[in-house]
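Note sheet for the following structure.
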Amino acid sequence: MNDIAPYNPQTIEPQWQQRWDEAELYRSKVDWDKPKHYALTMLPYPSGDLHIGHWFAMTPSDARARYKRMRGYNVLFPMGFDAFGLPAENAAVQRGIHPATWTYANMDRMRRQLRSMGAMFDWSREMVSCDPAYYKWTEWFFKTFYNNDLAYRGKALVNWSPTLQTVLANEQVIDGKDERTGQPVIQKMMTQWFFRYTRYADEMLDFSDIDWPEPVRIMQTNWIGRSEGAHVTFHALTPETLTPETLTPGPSPSGRGGDSSAASETPNSALDTQHPAPGEGRIPITVYTTRPDTLWGATFMVLAPEHPLVAKITTDVQRAEVEAYVEAAAHKTEIERSAEDREKTGVFTGAYAINPVNDARIPIWIADYVMISYGSGAIMAVPAHDGRDFAFARKFGLKVVPVIQPEGETFDGDTMTEAWPYEGVMINSGPFNGTPVTREKGRKNPAINAVIDWLEARGIGKEAVNYRLRDWLISRQRYWGSPIPVIYTQDGTIELAPDDKLPVELPQDVEMTGYGNPLAQHETFVHTVDSQGRPARRETDTMDTFMCSSWYHLRYLSPGCDVAPFSADEAAYWLPVDTYTGGTEHATMHLLYTRWFNKALRDTGVFDDTFAEMKRHGRDPRELNEPMLQLRNQGQILGEQRPGDLIVASGRIESNRKMFADHVRVVPSFDGQISTEVYWGELIKRTENLLTLETPDGSQYTVEVVDGATVEIPSIPGPNTVNQLKHHLDVERMSKSRGNVVNPDELVAEYGADTVRAYLMFAFDFMKGGPWDSQGIQGVVRWLNDMWEIVQASTPEAGDPAAERALERRVYQAIERVTYSLEAFSFNTAVAALMGLRNDLKTAVREGKIGTVAFRDAIHIVLRLMAPITPHIAEELWAKLGWPFSIHTQPWPEYDAAKAAEEVVPLVVMVNGRVRGHVEVAADISEDGAKAAALDSEWVVRQLDGAQPKRVIFIGGREPKVNVVV
RNA sequence: GGGGGAGUGGCGGAACUGGCAGACGCGCAUGACUUAGGAUCAUGUCUCUCACGAGGUGAGGGUUCGAGUCCCUCCUUCCCCA
């Protein structure tokens, strides 16, 4: 082995990458004679540099795509950029760079970095979402949706910064303030564009056609939040209909008086006497409830502060208070408002409504725990059976009337301490008293079922299904996004830009000031003409970037196509995506949007040509009901845990916890260092020259390093400064500010791409991720160095047949393990199996019992098993042995059970389920034979001591076991 | 606030349907080769015990011939969304 040149990935990797490019090894072309495999990994946002997380997401997916290709599939594995979005605008505002300049420069850098992975990306299919050739079709899809009643204009709350005159994204708002300027942000209603997301809500609840992780399916189901219940119409009494004496300021009587008997048939009778005649002066307010069985317990109503009726129904007496509350609510975010543990706030409007089931007159309040964007923005409050309503009622002294009572309990509205949202028997509910209530939801609950029928019969209410899911708000008041191709004519009607005028292009000459919407300020963009040539205004909102990423997998099919978003010929062959990999953070947003988009395209005829082509080739168009068949989520690579330097500081002690140090020393341990003259401990935090030291018992000390102090760090030669001291790092997400970022470029320069790829696959569970460990990579370095030498080792002409058979067995067992592991996204065990094989090969070379022919047969298989994981070294060694280019077009080694089979196996002997020992037996031993061997073994004989076993259990299979119960 | 995971040696992690817990690797220890070693090679490495043996997968309980795996209660953590 002496004359072998050392393994040098820095030389061989770029060479092979170039060779693969030149040979167009990864160009994927439609070939109906071969089965296809569309492997897709979520495309990156061009933020600047490629992160180790990108490598972790992409290289295992690449390995699997390569493996599929060797299994005989025609594989498509494309890459592109999700290039619109906020960071580019922030860069523009902060550094005066145009978003396009910033984005394209980043993409150039990232393309180079992506190529260094040695992945099988087909770059001829690259798509870039901010390219006009791409967003032309994003706009075209908007038109398609608009023309099919899937897009509409509506009102929604936005984060509005009065200072910047602009709308902010949720992530730009921290504690109700703009994160950049610290100026307050208010909630403002604006007219915006929506897609009818709920149109496909029910279909999106059906996962029967797709193999997606259970957690994702659960999250999507909860996100859609389907519930069954009823719409019920209450009627508000307008101020004019109320007589002066009914206008009691403040809340209604608390119910703590004489009429509060919970068993009373007409609980609100005291309030019930003065409501006006039906019809006149009544404003209908429809509420949605999942619990129509509790209608008799509705003792007040609550409207969202933004509800349009608030101004109309508020009495003059209450007006000032109500307006102040509405104003205050505008300054709160939904997150704050929906926090359940928060103290409830609210204001009485002075108005009353009639509960349609019992004609009770109940007060109408406004409170910020009711959201205008949710349901109808109005609720009936049933304090006895809803936690939030209960808290509200108690805070404001509102009446609590129980209408459901569990067996063996007697509720009293005045003394209940918490709401009872569960089962029982209906009480105080007129005709329904005595009806049993279960924990079932919707019609399955007999009480709900009966009440809904009753409401419908009387025309008071109607069965209804509601979704937590809201329509998809796609408007963004931003520059760097796909324009919405809409024109507003002078008379206010909406026109769409004609197809031959698409795309509506973003103007290049914009000024990014961070103030206002750049597009709205751009005169030549805004001012246009309508279809009649009359002056008109353009829509200045752009589309949510989730719109771009909802169809990028289609653009890869034919990125150059300019007559359609994608070519039907390509789509009919490649779709749907077979394997999709990406992070869990997209579980409910991107992955639901893309499913919606796919169903919308199906129903608006966009796939019609594709369907026709599929049928022509005998494929069923229903295969395209879902965009991605199999989904797997990778975990996240976290920063490396690092201990801080051990430090001994001496100087002037200021107080018992603070020192001004003129001498700081890093020591290997604290032996003999401890004295009262010095401070010592692990450096857990450093802010400039202020150090925090922690002793093993957990006490902390502050050390301020004075100017001109000596700093000694023995591991770093030369004079040291305080900046070179390493402080402790916990396992956390990587970020520049924490200083725990792992740079893949540096790793590739040091170890080579194959090592980095294999290490990422080996060191973590793909689905879980975990903290980076810079030491562990040595194991992979050794593995590849070993393989480099083993493959080129010299072997004897003839070998020992038994040893050769043993090696063959190990090789074939490895085929099975690696194959199974790659199928199952268990990349770590695939590498482990290959390392195990390395151990066997190494032993074989050392012992010299394997002949050249047998050894070459083994290597021929081993290199192909390595090829998906470490493509460069596998190709290089393959070539060194004189085998033809390219290893990546070779078939995957075929598993042969006979060759993998063991002849003799250890029979596991268990007594009462615990292993006691092993007996060598033939692998194909019969049940009776195994039992006899076990009963004959020393352990069983000793345990039984002449007695009969109670039971003898044989567990067959490759590893036979016998359990003797005594 | 809502939702989803995860707890196995000093560390990363194995254990496919309940069937030998700790594969593979890092680290560590001892030895070898070396002027030297952060290179390489060999051996060892869950805990207790000289040993025979016994115990052991966050805690407690249950089902089973047999539980890391299934069920119940609790604890600790991480992630995502709003």
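Residue numbers start from 1 in every chain, and the chains themselves are labelled A, B, ... in the order their sequence lines are given, proteins ahead of strands. Here the structure is a predicted model, which is why all the values come from computation and not from measurement.
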Can you check the distance between [N] and [M], where both ends of the measurement are the [atom1] atom (answer in whole Å)?
N      : M      : atom1 : value
A59(B) : G53(B) : P     : 27 Å
C71(B) : A6(B)  : P     : 12 Å
A36(B) : C46(B) : P     : 32 Å
A14(B) : U57(B) : C1'   : 13 Å
C50(B) : A42(B) : P     : 32 Å
U69(B) : G22(B) : C1'   : 15 Å
C24(B) : G60(B) : P     : 31 Å
A32(B) : A21(B) : C1'   : 34 Å

Supply the atom-to-atom distance M189(A) CE to E306(A) CD, rounded to the nearest 0.5 angstrom.
6.0 Å
N/O (side chain, R916(A)) to phosphate O (OP1/OP2, G66(B)) under 4.0 Å:
no
Would you call [X] and [Y] a salt bridge, taking side-chain N to carboxylate O under 4.0 Å as the test?
X       : Y       : answer
R809(A) : D840(A) : no
K441(A) : E228(A) : no
R958(A) : E816(A) : yes

[N] [atom2] sits how many Å from [X] [atom1], rounded?
X       : N      : atom1 : atom2 : result
N839(A) : C24(B) : CG    : P     : 7 Å
W223(A) : A82(B) : CH2   : C1'   : 6 Å
F954(A) : G66(B) : CZ    : C1'   : 16 Å
I218(A) : C81(B) : CD1   : P     : 18 Å
L638(A) : C79(B) : CG    : C1'   : 9 Å
W939(A) : C52(B) : CH2   : P     : 14 Å
M589(A) : A82(B) : CE    : C1'   : 9 Å
R468(A) : G3(B)  : CZ    : P     : 10 Å

Complement of [N], any strand, by Watson-Crick or G-U distances under 3.5 angstrom:
N      : answer
A6(B)  : U76(B)
G68(B) : none
A29(B) : U43(B)
U17(B) : none
G1(B)  : C81(B)
A51(B) : none
G37(B) : none

With B for base contact, S for sugar-phosphate-only contact and - for none (protein heavy atoms under 4.0 Å), nucleotides 39-45 of chain B reads SSSS---
Using a 4.0 Å heavy-atom cut-off, write out nucleotides 11-23 of chain B from 5' to 3' as B (base contacted by protein), S (sugar-phosphate only) or - (no contact).
-BSS-S--BBS-B
Want to settle it: does G836(A) or A587(A) sit nearer the 5' end of RNA chain B, counting the closest nucleotide to each?
G836(A)
Starting from the 5' end of RNA chain B, give me the residue, T588(A) or G776(A), whose nearest nucleotide shows up first.
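It is G776(A), whose closest nucleotide lies nearer the 5' terminus.
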With the 90 degree cut-off around zero defining syn, does G9(B) come out syn or anti?
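What G9(B) shows is a syn base, its glycosidic angle lying within 90° of 0.
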Give the ring-plane orientation class for F764(A) versus F56(A), where under 30° counts as parallel, over 60° as perpendicular and anything between as tilted.
perpendicular
Is the closest side-chain donor-acceptor distance between [X] and [Y] under 3.5 Å?
X       : Y       : result
Y7(A)   : E789(A) : no
S227(A) : T290(A) : no
D471(A) : T198(A) : yes
S821(A) : T829(A) : yes
T819(A) : Y67(A)  : no
Q220(A) : T588(A) : no

Select one nucleotide: of C81(B), C26(B), G4(B), the one nearest the side-chain heavy atoms of Q775(A).
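The answer is C26(B).
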Any non-hydrogen side-chain atom of H918(A) less than 4.5 Å from a side-chain atom of L907(A)?
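In short, these two side chains do not touch, never coming nearer than 4.5 Å.
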Considering every strand and a 4.0 Å limit on heavy-atom distances, what is the contact class for R217(A): base, sugar-phosphate, or nothing?
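Nothing, no heavy atom under 4.0 Å.
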